[in-house]
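A short write-up of the structure that comes next.
Each chain gets a letter, A, B and so on, in the order the sequences are listed, and its residues count up from 1. None of the values given here were measured: they were computed from a predicted structure.
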Number of protein chains: 2
Amino acid sequence: MPYDAGTTWGPTVNDLGMPDMNARLTVRDRNGAMHQEIRQRICLLDYAPGTRLSEAALAQEFGTSRTPIRRVLAQLEDEGLVQSRHGVGTIVTDADINELAQVYRLRVELTELVGRVDPVIPGVEFLDRFDRLVARGAEIIKSASPHEFTRFDMEVFHALLELTANEPLRQTLERLYFQTKRIWLKTAIEAQLDLEEEFRIFHHELEAIQLALRSCDLQAVAHIQRAHISMSFKRLQLQNT
Amino acid sequence: MPYDAGTTWGPTVNDLGMPDMNARLTVRDRNGAMHQEIRQRICLLDYAPGTRLSEAALAQEFGTSRTPIRRVLAQLEDEGLVQSRHGVGTIVTDADINELAQVYRLRVELTELVGRVDPVIPGVEFLDRFDRLVARGAEIIKSASPHEFTRFDMEVFHALLELTANEPLRQTLERLYFQTKRIWLKTAIEAQLDLEEEFRIFHHELEAIQLALRSCDLQAVAHIQRAHISMSFKRLQLQNT
DNA sequence: TATTCTTACGTTGTACACATCTTGTATGTC
DNA sequence: GACATACAAGATGTGTACAACGTAAGAATA
């Protein structure tokens, strides 16, 4: 399946009627979109840890040569999601429970910062959007596919990231999120953690955050997230031993 | 001046008598060394904000083709130190006082974490090394070249980074350091901040940290750093307005 | 049969030619 | 003389051929 750049996300064809004033930025955007796409596949375990990614195959799929693909894979390597080895291949990285613990300890601390450094008081449209997310979450619990649920988790994460205006903090948190989420999911499946239970707990977290949001208490939002991130890893550790 | 890869840093020729068991890692190391070199030049204002870096010139200097250089420049772009624009060039980025403030707010918080998350109790050899650093700092105050002083500042920063074993925290702090230091230095020079006074304050900070280190109080070390980072930016803001 | 060497294949890394884009300059025109 | 236009020069982005490298399969041998 070739990767159609024009219709899905690229601003090459603007979905508004505007004459494409800034359609020239496609070069950077295309790389960004490929990066996001491959990163999501890794996070959703479509590319599980250990998978060998072929530059040639990706190039063919995205309809480019190897060069832009290598640019994206290099970025993913700097983010710790893949590792290229000469003569072998580009392999999706794995992490043992100890490395994972390190990242989690930092994530927990950084998450708390969202409520404290450059907080953004959410507007009405944000609250509405979050309400819809909570409602969708209740539905998704029932279907309960890990793939779909993780997709939903990503969406919620990115929404809550908007609660801080501190761009470096956002970038760092995003980085750590993608480093941990896939390993958590993989380990949780291996350790036969009760995923349905995890989904229910996540939905409870959303409801608690919803309450805190309505009070415009961003520090409370951050503390709730912090607590749940910490607890979800603790449950994984307990089950894993 | 051609860039001699073999003698300065590369493990191509091992300075110990060991047969080069792991000399095969040169591929990755060479890119890492070029990255470190260019990043240092940017940080020391050898490449001031606005400077146009030529891929061809760098390729010639480092004795490679443009391809590995582009790999390094892409990494620097992801770190926010340069920005490549098609048809124009690769330009060293600048930042206004507001962007700088954002990064500083995060740096301040993260610095405090060094003393709290995965702290490393320093051994005797570390204390000795730090003592030598403090002594060298007293000497450097006199010569007082911004270039040399920033080099020293970098060395101290990397030494203190060893006080946490949390690798993601290290990477993040290093990233933020290189984003802020060069802009601070440039702005400080422009605002005619008293650099000698800054150097003396920094040396006081080192002595305070030395004291805290001898007490093995890493949280105190972190708090001292946090306070000085915050204060040095405050002084810059005051002078700048 | 076990073991070692060789060899072929696929992968990433590098170099280079070319495409595409931006900008400054020179030229023609009003 | 002012302004618009065309063009040339130089930069980054892309595609491709080749080199360097590791792995696994297979053949040769003890």
Side-chain angles (χ1 to χ4, degrees), chain A residues 2-3 5-6 10-12 20-35 38 42 47 50-93, chain B residues 2-3 5-6 10-12 20-35 38 42 47 50-93:
Chain A
Y3 195 78
T12 337
D20 46 2
M21 294 282 293
N22 38 9
R24 293 168 189 172
L25 303 177
T26 21
V27 184
R28 182 181 249 84
D29 290 342
R30 199 184 51 137
N31 277 2
M34 289 196 298
H35 169 75
I38 297 178
I42 293 175
Y47 297 151
T51 305
R52 235 183 44 198
L53 304 182
S54 164
E55 295 181 354
L58 287 172
Q60 189 172 8
E61 178 190 348
F62 287 92
T64 70
S65 77
R66 279 178 56 211
T67 309
I69 296 292
R70 284 180 60 76
R71 166 72 174 84
V72 171
L73 289 181
Q75 191 176 351
L76 290 170
E77 182 165 21
D78 293 335
E79 295 169 8
L81 297 185
V82 303
Q83 184 175 13
S84 293
R85 276 188 296 177
H86 193 176
V88 180
T90 301
I91 290 134
V92 178
T93 55
Chain B
Y3 194 78
T12 335
D20 46 1
M21 295 281 294
N22 38 8
R24 294 168 189 173
L25 304 177
T26 22
V27 184
R28 182 182 248 84
D29 290 342
R30 200 184 52 137
N31 277 2
M34 289 195 297
H35 169 75
I38 297 177
I42 292 174
Y47 298 151
T51 305
R52 238 183 40 196
L53 305 182
S54 164
E55 295 181 354
L58 288 172
Q60 190 172 8
E61 177 189 349
F62 287 92
T64 70
S65 77
R66 278 177 55 209
T67 308
I69 296 293
R70 283 180 61 76
R71 167 73 174 86
V72 171
L73 289 181
Q75 191 176 350
L76 289 170
E77 182 165 20
D78 293 334
E79 295 170 4
L81 298 185
V82 303
Q83 185 175 14
S84 293
R85 277 189 295 177
H86 193 176
V88 180
T90 301
I91 291 133
V92 178
T93 57

For A:P68 and A:S65, work out which heavy atoms get closest and say how close. CD-O, 3.3 Å
With the sugar-phosphate defined as primed atoms, P, OP1 and OP2, and the base as all remaining atoms, what B/S/- string results for nucleotides 4-11 of chain C, 5' to 3', for protein heavy atoms under 4.0 Å? ------BB
For the student: nearest non-hydrogen atoms of A:S84 and A:T90, plus distance: OG-OG1, 3.0 Å
Could you give the CZ-to-P distance, from B:R28 to D:dC21, as a whole number of Å? 15 Å
Using modelled atom types and a 3.5 Å cut-off, is there a donor and acceptor pairing between side-chain atoms of A:T93 and backbone atoms of A:G80? yes
Can you measure B:D29 atom CG to C:dG13 atom P for me and round it to whole angstrom units? 13 Å
Out of curiosity, A:E61 CD to A:I69 CD1, how far, rounded to the nearest 0.5 Å? 8.0 Å
Find the distance B:L73:CG to D:dA11:P and express it as a whole number of Å. 13 Å
Once you round it to whole Å, what is the distance between C1' of D:dT14 and CZ of A:F62? 17 Å
Closest non-hydrogen contact found for A:V92 with A:Y47 is CG1-O, 3.8 Å
List the residues meeting side-chain hydrogen bond (donor to acceptor under 3.5 Å, both in side chains) with A:E77, not counting sequence neighbours, and say none if there are none. B:R28
Taking atom CZ of A:R71 as the centre, does the number of heavy atoms from other residues, nucleotides or ligands within less than 6.0 Å exceed 12? yes
Nearest whole Å is fine: how far is D:dA11 C1' from B:R85 CZ? 12 Å
Calculate the interatomic distance between A:M34 atom CE and D:dG13 atom C1'; express it in whole Å. 12 Å
Which atom names give the shortest non-hydrogen contact between A:H35 and A:V72, and what distance separates them? CA-CG1, 3.6 Å
Would you tabulate the nitrogen or oxygen pairs shorter than 3.5 Å linking the protein to nucleotides 14-17 of chain C?
{"from": "C:dT14", "atom 1": "OP1", "to": "B:R30", "atom 2": "NH2", "distance (Å)": "2.7"}
{"from": "C:dA15", "atom 1": "OP2", "to": "B:S65", "atom 2": "N", "distance (Å)": "2.7"}
{"from": "C:dA15", "atom 1": "OP2", "to": "B:S65", "atom 2": "OG", "distance (Å)": "2.7"}
{"from": "C:dA15", "atom 1": "N7", "to": "B:T67", "atom 2": "OG1", "distance (Å)": "2.7"}

Send over the distance from A:I69 CD1 to C:dG13 C1', rounded to a whole Å. 16 Å
